[in-house]
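One structure is given here, and the rest of the page talks about it.
This one's a predicted model, so the numbers in the text were calculated from it and none came from an experiment. Below, chains carry the letters A, B, ... as their sequence lines are ordered, and counting in each starts from 1.
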Amino acid sequence: MEERYVKEITPKSQDFSRWYIEVIRKAELVDYAPMKGMMVIRPYGYAIWEKIKELLDRRLKETGHVNAYFPLFIPESFLKKEAEHVKGFAPQVAWVTHGGDEELEERLAVRPTSEAIICSMYAKWIKSWRDLPVLINQWANIVRWEKVTRPFLRTTEFLWQEGHTAHATEEEAEEETLRILSIYKDFVENDLAIPVIAGKKTEREKFAGALRTYSIEALMADGRALQAGTSHNLGQHFSRAFNIRYEDKNQNLQYVWQTSWGVSTRLIGAVIMVHGDDSGLRFPPRIAPIQVVIVPIPANEWKEKIYKKGEHIEKELKKISVRAHFDSREEYTPGWKYSDWEMRGVPLRIEIGPKDMEKKQVVLVRRDNREKIPVSQDVLIEKISPLLEEIQKSLYNQALNFLKENTHNVNNYEEFKEIIENKRGFIKTFWCGNQDCEDKIKDETGASIRVISMEKEEKSEGNCVYCGKKAENLVYFAKAY
RNA sequence: CGGGACGUAGCGCAGCCUGGUUAGCGCGCCUGCCUUGGGAGCAGGAGGUCGGAGGUUCAAAUCCUCUCGUCCCGACCA
């Protein structure tokens, strides 16, 4: 039995929801704002978002996307132009009705997503085939009036990125949709160390106004799935509604083919729920706000030397772009600091005490497995980066094993119900494609189809887990956040 | 939005059922001394309009009504 060092939080294994709430507040990632469903992202939490932005933005720019910024408000008439879209979002829209004391002639929606306002601009900007493709992304805030909220996972206001592209052909739009899906998958798996299942959404689950929606789905430690990113092929639904046309090489007017796609601050919730343990957070090194914390263990005659050494190590690590922090606080004992930084998820700790000074070494302690590694001070700096990469991989592998262990191949409904009830996780099975079966399974078990698999399976045909009819869709079911 | 639970110091709670001086406790916080290899010790100190608004009463943290917020379980959504 592993000794439990951090005693301030409810163990994750004991009460997952409570653990989540306690850890995000004690680690100072967020605090509740005085309005329902709203949160303050505190500096330590916002640092994660900044890393996510930096790493994903780089990938988007590498693939030709550029950033822009569109207005927060959307005139009601614009929002109403695409019928399915407005129907999907109407219940969640916050409205501005007054400017000062004066009532507005037309209500303004606080954007629940920006298709409407962006498409209205694209209609002005796009005239010729030479203008295409348009590959614009924006980092923005969004408001959706939610009934049930949880910090990071579902809040009334949240931060995200939303890409909106326009293309000459349907093929190009589909290519873009899938390219983004693979960028998301690559980013989430490599930088956030979270393995995901990528696939297509069913009609029931797709984005309001999309032709097709794809998503990546991650499995949380409590066995529920979390949609971690979505990419939509909008077809010509919006270009027809907003009249976005270009003249092609043959001088024919054509409607553009569009995509939109996004990931949000919800990803932070995923990182917490996938990697966290009984002692608190465990951040993957690539996004950890602090990657290495240096804790001195002062003893009277050594104190000055130890502090100097600690500061020196911090400086050297920063030189090689390691996010290092020397914890010079004198009011806390080393043991207290260990627990504190473990709760806050710092991937690697360096301890320096009198015994280490005598041996000209330090002790490294990994957050992922708590392994203690004595290292000579001479070679310390060069050891750090490879070790951080190893921790990154180790966290990914732990999450991957969990995903594998909790993905159940099932082909009868009784077993399906039993697993959803007791074990949760993903259920991989066949579905006939009929929405009745999908609805009934949802009603009876609470599980929904997260995605239709895109893997090239040998066995591409089976029987629907619900009705038993011939089925071609291999799908992943789960209870979802 | 339905069902349940809860709101008392920064955090965790007791007090409420059965109304009655100055509302307690642990941790944290501040000052000083002393300590520091897994959440140290001693001494002193600060901190509360009991979520908010009404009402009942001579008197309300306590009883009643409304309201705001949080958590859990469902239905809806990133």
Side-chain angles (χ1 to χ4, degrees), chain A residues 3-10 15-22 25-26 28 31-39 88-93 112-113 142-162 184 201 204-208 213 215-218 225-232 260-270 279-280 295-303 306-307 327 329-343 349 351-358 362-363 365 370 372 374 442-443 445-446 448 479-481:
Chain A
E3 195 181 344
R4 205 169 151 258
Y5 290 115
V6 177
K7 297 172 181 102
E8 268 194 18
I9 51 176
T10 302
D15 183 340
F16 190 78
S17 296
R18 191 158 174 197
W19 169 85
Y20 180 77
I21 296 296
E22 285 179 5
R25 296 194 71 199
K26 294 231 160 95
E28 296 177 328
D31 201 358
Y32 289 106
M35 308 79 75
K36 178 181 164 59
M38 303 210 171
M39 65 171 178
F89 282 103
Q92 294 180 278
V93 172
T113 176
I142 289 294
V143 169
R144 293 182 189 172
W145 221 256
E146 297 284 353
K147 288 163 185 167
V148 178
T149 57
R150 294 188 93 190
F152 292 123
L153 304 179
R154 177 164 297 106
T155 46
T156 301
E157 180 186 8
F158 59 94
L159 305 179
W160 76 350
Q161 93 12 249
E162 50 179 325
Y184 284 165
K201 286 290 191 185
R204 180 192 205 272
E205 303 278 334
K206 77 177 187 188
F207 177 73
T213 288
S215 81
I216 51 170
E217 304 278 329
L226 185 79
Q227 183 172 302
T230 50
S231 184
H232 316 291
S260 71
W261 26 271
V263 301
S264 71
T265 33
R266 171 180 261 198
L267 286 177
I268 300 171
S279 297
V295 177
I297 300 138
N300 282 330
E301 62 276 25
W302 282 100
K303 185 169 168 182
I306 286 171
Y307 267 63
D327 187 349
R329 294 176 292 180
E330 306 206 18
E331 63 271 30
Y332 295 112
T333 61
W336 193 93
K337 291 177 183 176
Y338 299 165
S339 300
D340 192 46
W341 292 114
E342 282 175 16
M343 187 183 73
R349 176 169 81 236
E351 304 176 0
I352 323 174
K355 289 178 208 161
D356 301 308
M357 292 302 279
E358 276 165 13
V362 299
V363 176
V365 185
R370 286 216 174 79
K372 298 196 175 189
K442 179 85 201 280
D443 287 348
T445 68
S448 55
K479 285 202 178 189
Y481 269 98

| said: Could you check whether the side chain of A/R25 and the base of B/G10 have a donor-acceptor pair of N or O atoms closer than 3.5 Å, going by distance alone? | reply: no
Identify each atom pair where a protein N or O and an N or O of nucleotides 7-9 of chain B are less than 3.5 Å apart, giving names and distance.
none

| said: Using the P atom as the point on both nucleotides, what is the distance between B/U35 and B/A40, in whole Å? | reply: 16 Å
| query | Hey, which of these two, A/Y32 or A/K479, hits RNA chain B nearer its 5' end, going by closest nucleotide? | reply | A/Y32
| query | Looking only at atom C1', what distance separates B/C42 and B/G38, rounded to whole Å? | reply | 23 Å
| note | Partner of B/C6 under the Watson-Crick or G-U wobble criteria, both distances under 3.5 Å, comes out as B/G69
| query | With respect to A/T155, which candidate in A/E146, A/M38, A/M39 satisfies the side-chain contact (heavy atoms from CB on, under 4.5 Å) definition? | reply | A/M39
| task | Return yes if a side-chain donor-acceptor contact under 3.5 Å exists between A/S448 and A/R204, otherwise no. | result | no
| note | By nearest-nucleotide position on RNA chain B, the 5'-leaning member of A/M343 and A/A480 is A/M343
| said: Looking at A/Y307, I'd like to know whether one of its side-chain N or O atoms comes within less than 4.0 Å of OP1 or OP2 on B/U36. | reply: no
| Using a cut-off of 4.0 Å on non-hydrogen atoms, how would the nucleic acid contact of A/E351 be classed: base, sugar-phosphate, or nothing? | base
| query | Whom does B/G37 pair with, Watson-Crick or G-U wobble, provided both distances fall under 3.5 Å? | reply | none
| task | Find out whether the Lys NZ or Arg CZ of A/R349 is both under 6.0 angstrom from the six-membered ring centre of A/Y338 and within 45° of the ring's axis. | result | yes
| said: Please evaluate residues A/E342 and A/S279 with respect to the criterion side-chain hydrogen bond (donor to acceptor under 3.5 Å, both in side chains), reporting the C-alpha separation (whole Å), side-chain torsions for both, the decisive distance (0.1 Å), and the verdict. | reply: CA-CA 7 Å; A/E342 282 175 16; A/S279 297; 4.6 Å; no
| request: Look only at the side chain of A/K26 and the backbone of A/I9, and say whether a donor-acceptor pair between them is shorter than 3.5 Å. | output: no
| Which nucleotide in the set B/U36, B/G37, B/C77 lies at the smallest distance from any side-chain heavy atom of A/Q92? | B/C77
| task | State the pairing partner of B/C77; accept Watson-Crick or G-U wobble contacts with both distances under 3.5 Å, and report none otherwise. | result | none
| Any N/O donor-acceptor pair, A/K147 side-chain to B/G2 base, under 3.5 Å | no
| task | Pick base, sugar-phosphate or nothing for A/G269, based on heavy-atom distances below 4.0 Å to the nucleic acid. | result | nothing
| said: Below the 4.0 Å mark, does B/C76 have OP1 or OP2 next to a side-chain nitrogen or oxygen of A/K442? | reply: yes
| task | Could you check which of B/G39, B/U70, B/G38 has an atom nearest any side-chain atom of A/R349? | result | B/G38
| message | With a sphere of 6.0 Å drawn around CH2 of A/W145, does it hold more than 12 non-hydrogen atoms of other residues, nucleotides or ligands? | response | no
| note | note: A/I297, atom CD1; B/A40, atom P; distance rounded to Å ~ 13 Å
| query | Would a 4.5 Å heavy-atom cut-off, applied to side chains only, mark A/L267 and A/Y184 as touching? | reply | no
| said: Tell me whether A/E351 contacts the main-chain N or O of A/V295 through its side chain, where contact means a donor paired with an acceptor under 3.5 Å. | reply: no
| Quick one: A/W341 CH2 to B/G38 C1', roughly how many Å, whole number? | 16 Å
| message | Over all strands shown, is A/T213 touching base, sugar-phosphate only, or nothing at heavy-atom distances under 4.0 angstrom? | response | nothing
| How long is the line joining CG of A/L153 and P of B/C76, in whole Å? | 18 Å
| query | Can you tell me the Watson-Crick or wobble partner of B/C42, both distances under 3.5 angstrom? | reply | B/G32
| A/R150 side chain near B/C72 phosphate (N/O to OP1/OP2, under 4.0 Å) | yes
| field | Complement of B/C17, any strand, by Watson-Crick or G-U distances under 3.5 angstrom | value | none
| request: When you get a sec, tell me which of B/G39, B/G69, B/C77 is the closest nucleotide to the side chain of A/K36? | output: B/G69
| query | Tell me: NZ of A/K26 to P of B/G12, nearest whole Å? | reply | 6 Å
| task | Starting from P on B/U70, measure out to OH on A/Y20 and report it in whole angstrom. | result | 14 Å
| field | Distance below 4.0 Å between A/S17 side-chain N/O and B/C72 OP1 or OP2 | value | yes
| query | According to a strict under-4.0 Å criterion, is A/T333 in side-chain N/O contact with OP1 or OP2 of B/A40? | reply | yes
| query | In terms of side-chain heavy atoms of A/D356, which of B/G37, B/G39, B/G69 is nearest? | reply | B/G37
| field | P spacing across the pair B/C16 / B/G55, given as an integer number of angstrom | value | 26 Å
| task | To the nearest Å, give me how far apart OH (A/Y481) and P (B/C77) are. | result | 18 Å
| message | What is the distance, to the nearest angstrom, from the CE atom on A/M38 to the C1' atom on B/C68? | response | 14 Å
| Can we say A/K442 and A/E205 salt-bridge, meaning some charged N sits less than 4.0 Å from an Asp/Glu carboxylate O? | no
| task | Select one nucleotide: of B/G39, B/G69, B/C29, the one nearest the side-chain heavy atoms of A/Y332. | result | B/C29
| task | To the nearest 0.5 angstrom, please state how far the NE2 atom of A/H232 sits from the CH2 atom of A/W261. | result | 11.0 Å
| said: Suppose you measure atom C1' in B/A46 against the same atom in B/C1; what distance do you get, rounded to whole Å? | reply: 45 Å
| With a 4.0 Å cut-off on heavy atoms, is A/V148 in touch with a base, just the backbone sugar-phosphate, or nothing at all? | base
| task | For A/P296, answer base if it contacts any base atom (sugar-phosphate contacts may also be present), sugar-phosphate if it contacts only those atoms, and nothing otherwise; contact means non-hydrogen atoms under 4.0 Å. | result | nothing
| request: Measure the distance from NZ on A/K372 to P on B/G38 and round it to the nearest whole Å. | output: 7 Å
